[in-house]
Every structure is written in C-alpha cells, then in structure tokens.
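A, B, ... follow the sequence lines: proteins, then strands. Residue 1 opens every chain.
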2 protein chains.
Amino acid sequence: MDEHIDDDTLTDATEGAAPKHDSRREIIEAAAQCFMLKGLDKATMDDIADVLGATKGRVYHHFRSKNAIYFAVYRQAMQYCFDAVTPLISLNTSSISKLELMAHAHARVMMDTLPYQRSIRLGVEVYLRGSTTEAERAVLRELITLRNDYENLYREVLRAGVAQGELDVPNIEIASRALMGALNGLVDWYRIRPDQSEGERDALARALAHAVVHGTTA
Amino acid sequence: MDEHIDDDTLTDATEGAAPKHDSRREIIEAAAQCFMLKGLDKATMDDIADVLGATKGRVYHHFRSKNAIYFAVYRQAMQYCFDAVTPLISLNTSSISKLELMAHAHARVMMDTLPYQRSIRLGVEVYLRGSTTEAERAVLRELITLRNDYENLYREVLRAGVAQGELDVPNIEIASRALMGALNGLVDWYRIRPDQSEGERDALARALAHAVVHGTTA
DNA sequence: AGTAACATACTACTCGGAATGTTGGACCGT
DNA sequence: ACGGTCCAACATTCCGAGTAGTATGTTACT
C-alpha cells in the first residue's frame with residue numbers, strides 16, 4: 001500500500017520543456033521494434049538494450065519495469081493515431097468523405113508507425129488479467145479509455161452521417177467495430193518493403209479506406 | 001539433423017477411426033482456454049494440466065512440446081472455419097448473398113469457438129521468427145498455407161462476383177484483407193455473456209456480415 | 001507381463017529486477 | 001583557473017523465482 005502510484009515511469013506526467021536527451025524516446029522506439037519482432041514476452045530487456053547498443057542499466061534507469069515500457073509504447077501508438085485523425089474531424093466536408101479521409105489517415109499511421117501499432121495489438125486485455133498491482137491495472141484502464149476515445153471519433157462521424165442521410169448504417173456499434181478491425185488488421189499483413197515508394201503506400205491506404213467505407217457491393 | 005520430422009505430435013498424421021480416448025482433444029481444448037486467458041507465453045504447461053485436473057505428465061504424454069499444442073490448436077481453429085464455410089461455396093445463390101452467408105458463418109465460428117480463434121490471433125508470424133528447429137518452421141509454413149487457402153475461398157467469391165457484375169471491388173486483395181480483418185477482429189471485442197441467447201448471437205453475426213459486405217454507404 | 005496413460009520428482013536455464021560500481025559533466029567556492 | 005563534489009546516466013554483477021522439458025515411478029487394463 002505504500003507504493004506511490006503516480007510514478008513518472010508509469011504515468012509519464014512530467015513533460016519537460018527541454019528535449020532533454022531523448023534517451024527515453026529511443027528506448028521506447030527500440031522496445032517497439034523488439035515487441036514487434038519477438039512478441040511482448042519473448043522480447044527481453046537485454047534485447048531492447050542490445051538494439052540501443054547499451055545494457056539493461058540504461059533501460060531500468062528510465063523505466064521501472066518492462067510493463068512500464070509497454071505502457072509507454074501503447075501511449076505513443078495511440079498518440080500517433082490521434083495526431084493524424086483529430087485534425088480531420090473539424091473538416092467541413094461530407095460525412096462520407098470525412099470518414100474515408102479518417103480511414104485513410106489511420107491506414108497511413110498503421111504503416112508509418114508499424115512497430116508501435118503491431119506491439120500493442122492484442123495485448124491489453126490479456127495484460128489486464130495478468131497484472132498484479134493495482135497501479136498497473138489503473139494505467140491499463142486508462143489506456144483502454146484512450147482507445148475507446150479514439151474509436152468514438154469514428155462513431156461520431158458515423159452518427160452524423162446517418163443523421164444527414166449520407167450513410168446507411170443499421171448498427172453503429174457493429175459498423176465501427178468492423179471499420180476498426182479492417183483498418184487495424186493492416187498491421188497483420190502489411191510488410192515494409194524498402195523499395196516501395198511513398199505513392200505506393202498512399203495508394204494502398206487509399207484502397208483500404210475505400211474498401212472499408214464502401215464495402216464490396218456496387 | 002537426426003530428429004525425425006514426421007512426428008505425430010507435430011504433424012498429427014494419424015487420425016484413428018476410433019474415438020480413442022479423446023484425452024488429446026481435451027488437452028487441446030484446455031490449452032485453447034489457457035492461451036485465450038493468459039496468452040501463449042504466460043500460459044504454462046501446469047496451467048493447462050490444472051484445467052484438466054491433471055499434471056504435466058499427461059500433457060507431455062500426448063504432446064512433445066508446448067509449441068506442438070499451439071500447432072494443434074491452430075489446426076483445430078482453422079478446421080472449424082473450413083467446416084463452417086466450405087459447404088457454402090457450392091451454393092447456387094448470387095455472389096453477394098453467398099459472400100454474406102460466408103461472412104455470417106465465419107462470424108458464428110469466431111463466437112462459437114472463441115478460445116481457439118483468440119489463441120491463434122497474431123501468433124504465427126511472431127512464432128516463425130522465434131522457432132528454432134526446421135521441423136517447427138515447416139509446420140508453421142503449413143499452417144500459414146492453411147490460412148491462405150481459407151482466405152482464398154473469399155477471394156474466389158469476390159472474383160466471381162466482380163465477373164458477374166454483382167460486386168464492385170477495385171482491388172480484390174485489399175478487399176479480402178479488409179473483410180477478414182473486420183471479421184477476425186470480432187474475437188478482440190466479443191465477450192461471451194451467458195445470458196445472451198442463440199438468437200442474439202446470430203443477430204450479431206448477421207449484422208457484422210452485413211457491415212463488412214455492404215460497408216457504410218447508402 | 002507388457003504397455004498405455006498417466007503422476008511425481010527433478011533439473012537446467014532463462015530472464016526480470018535489484019544492488020552496486022563507474023564516469024563524465026555541471027556547478028560550486030576560493 | 002582549479003580542485004572538489006554531487007548527481008544523472010549509464011554499465012556490471014548478481015540472484016532468485018518461475019518454467020519447459022526430462023527421468024522415473026505407478027497403475028490399470030489387456
């Protein structure tokens with residue numbers, strides 16, 4: 001009970017004005033790489049340190065535990081999503097085109113920040129069961145809330161589109177789930193190819209956005 | 001190099017006519033439960049045995065390793081999918097309704113065999129990197145092929161639908177990915193509620209199938 | 001009495017986390 | 001300018017818990 005809950009390495013409250021040395025950010029990046037390649041459990045602290053050419057000492061100086069790193073990766077992943085999609089919701093276009101723009105932006109984020117997005121895929125719920133301390137569970141609940149808030153952005157657009165008669169969505173909850181599933185599934189099958197151009201990636205995102213919004217019917 | 005590749009516990013070649021004592025099947029079922037609840041790595045062999053009220057001795061008598069169990073779970077999960085969807089492809093309906101029937105059946109399987117489907121979610125590719133022996137990699141390649149074959153069922157219907165002018169799919173590959181992503185994503189957010197009726201589950205599957213096929217546009 | 005189907009007991013090893021050691025630079029007082 | 005000291009940012013070393021896999025009983029059925 002004597003544990004101080006509001007810890008930097010867990011809640012990441014302090015956001016210093018100075019860039020500091022972004023050693024912390026480097027660790028998160030390395031962790032995302034390792035998590036993507038080997039999975040959350042198989043990736044060891046030494047693996048993460050090795051990517052940086054360092055040792056565990058550096059990692060544990062900035063993060064209290066492996067879970068704390070995972071939380072940071074999750075946060076960053078969601079932040080990337082918010083940064084890309086939030087500006088679009090205030091756009092003054094039709095709901096249907098706005099929805100497609102958001103889907104397109106999301107698909108782009110999935111590709112551009114693949115290690116992060118792949119790391120957080122199917123981890124939270126499982127983690128919730130295994131987490132021991134109450135502090136960790138609190139953070140996890142917050143992360144889930146974060147994800148819900150993000151998905152609500154899409155639900156809002158769907159609702160507005162239905163209200164305006166532009167969209168035909170019998171069940172908004174189901175439709176949003178299907179939408180997010182189709183978009184997030186991108187990280188499962190998308191492979192980074194160094195030879196593929198920016199335009200090709202964008203075309204892929206555009207095609208996927210079209211598919212999830214318009215379905216398969218004529 | 002002296003390892004005998006074609007091992008029962010890996011390839012599951014022998015399918016005895018007799019039900020045997022389906023102790024093996026029980027182990028697979030228990031493993032699927034544990035994998036779903038705690039994840040592939042966190043779930044221990046003792047956990048699996050505990051579910052059965054047994055010990056590791058029983059598990060290791062039927063399976064050579066933990067990976068072998070995972071392979072068996074994967075096989076079974078795919079088998080459930082094939083059993084539900086394969087009969088539908090020979091139906092004599094329109095491509096669009098056939099596609100929706102397949103999607104509906106798949107959604108049902110996701111719910112009815114949730115532990116299996118949730119266990120195999122995002123595991124194969126990661127496992128491929130970590131697997132050491134060549135025999136394991138061979139099995140994993142086979143499992144991936146199995147999944148590709150299954151997804152090809154949907155691609156075929158999409159192709160036929162486009163050829164007949166029923167469907168409007170600019171990119172079949174992308175569309176099939178979106179389709180599978182939306183359907184498989186069900187296992188991420190679907191929660192088993194004991195109080196929900198058969199009809200409710202079916203309505204959910206139907207709504208999801210409608211969403212993935214028809215999209216959001218009017 | 002032989003073997004399938006387990007249970008029991010044990011080992012070897014990985015890996016998270018902690019304790020401790022090292023260093024380079026910032027910030028002093030003089 | 002300069003020796004001192006204080007601390008952040010690491011590196012090194014170590015430990016112990018947990019766990020996959022093994023080796024060895026035990027039993028019941030054929």
Side-chain angles (χ1 to χ4, degrees), chain A residues 2-4 7-10 14 16 18-31 34-35 37-73 123 127 129-133 135-136, chain B residues 3-4 7-10 14 16 18-28 30-31 34-35 37-73 123 127 129-133 135-136:
Chain A
D2 54 343
E3 298 196 38
H4 46 155
D7 185 48
D8 271 8
T9 55
L10 277 182
T14 61
K20 207 86 177 249
H21 287 122
D22 43 11
S23 174
R24 184 186 170 90
R25 197 65 63 104
E26 286 180 11
I27 294 175
I28 297 176
E29 175 80 20
C34 293
F35 290 160
L37 290 178
K38 311 183 75 174
L40 295 179
D41 297 87
K42 295 278 184 65
T44 71
M45 298 297 267
D46 291 301
D47 288 335
I48 299 173
D50 285 345
V51 172
L52 300 167
T55 68
K56 280 196 295 191
R58 176 173 168 188
V59 180
Y60 275 104
H61 178 72
H62 291 278
F63 292 93
R64 143 174 310 252
S65 68
K66 192 176 171 181
N67 282 345
I69 303 180
Y70 172 73
F71 297 156
V73 170
Y127 251 91
R129 306 252 181 184
S131 290
T132 48
T133 76
E136 282 187 346
Chain B
E3 301 196 37
H4 47 152
D7 184 48
D8 271 9
T9 55
L10 277 181
T14 61
K20 209 86 177 253
H21 286 120
D22 42 13
S23 174
R24 183 187 171 90
R25 198 65 63 107
E26 286 180 12
I27 294 174
I28 298 177
C34 292
F35 290 160
L37 290 177
K38 311 183 73 173
L40 295 180
D41 297 87
K42 295 278 183 64
T44 72
M45 298 298 266
D46 291 301
D47 287 335
I48 299 173
D50 283 346
V51 172
L52 300 167
T55 67
K56 281 196 296 189
R58 176 173 169 189
V59 180
Y60 276 104
H61 179 71
H62 291 279
F63 292 94
R64 142 174 310 249
S65 68
K66 192 176 172 182
N67 282 345
I69 303 181
Y70 172 73
F71 297 155
V73 171
Y127 251 92
R129 306 252 180 184
S131 291
T132 48
T133 77
E136 283 186 345

Determine, step by step, whether M45(B) and I69(B) satisfy the side-chain contact (heavy atoms from CB on, under 4.5 Å) criterion, reporting the C-alpha distance in whole Å, the side-chain angles of both residues, the deciding distance to 0.1 Å, and the verdict.
-> CA-CA 10 Å; M45(B) 298 298 266; I69(B) 303 181; 3.8 Å; yes
Rounded distance (Å) that lies between atom [atom2] of [N] and atom [atom1] of [X]:
X      : N       : atom1 : atom2 : value
K38(A) : dG16(C) : NZ    : P     : 10 Å
I48(B) : dT19(D) : CD1   : P     : 12 Å
L52(B) : dA7(C)  : CG    : C1'   : 14 Å
R58(A) : dA18(C) : CZ    : C1'   : 20 Å
F63(A) : dG16(C) : CZ    : P     : 15 Å
D47(B) : dG18(D) : CG    : P     : 12 Å

When rounded to the nearest 0.5 angstrom, what is the spacing between OG1 in T55(B) and CG in D50(B)?
-> 9.0 Å
From K56(A) NZ over to I48(A) CD1, what is the distance, rounded to the nearest 0.5 angstrom?
-> 11.0 Å
Considering just the side-chain nitrogens and oxygens of H61(B), establish if one lies under 4.0 Å of OP1 or OP2 belonging to dC6(C).
-> no
Output yes when at least one side-chain N/O atom of H62(B) is less than 4.0 Å from OP1 or OP2 of dC6(C), else no.
-> yes
Is the shortest heavy-atom distance from the side chain of T133(B) to the side chain of E136(B) under 4.5 Å?
-> yes
For Y70(B), which residues count as a ring-ring contact (aromatic ring centres under 6.0 Å, His included) partner, sequence neighbours excluded?
-> Y127(B)
Any Lys/Arg nitrogen of R58(B) or E26(B) sitting under 4.0 Å from an Asp/Glu carboxylate oxygen of the other?
-> yes
Pairs under 3.5 Å (N/O, protein and nucleotides 20-23 of chain D):
{"unit_1": "dA20(D)", "atom_1": "OP1", "unit_2": "K66(B)", "atom_2": "NZ", "d": "3.1"}
{"unit_1": "dA20(D)", "atom_1": "OP2", "unit_2": "M45(B)", "atom_2": "N", "d": "3.0"}
{"unit_1": "dA20(D)", "atom_1": "N7", "unit_2": "K56(B)", "atom_2": "NZ", "d": "3.4"}
{"unit_1": "dG21(D)", "atom_1": "OP2", "unit_2": "Y60(B)", "atom_2": "OH", "d": "3.4"}
{"unit_1": "dG21(D)", "atom_1": "OP2", "unit_2": "K66(B)", "atom_2": "N", "d": "3.1"}
{"unit_1": "dG21(D)", "atom_1": "N7", "unit_2": "K56(B)", "atom_2": "NZ", "d": "3.2"}
{"unit_1": "dG21(D)", "atom_1": "O6", "unit_2": "K56(B)", "atom_2": "NZ", "d": "2.4"}

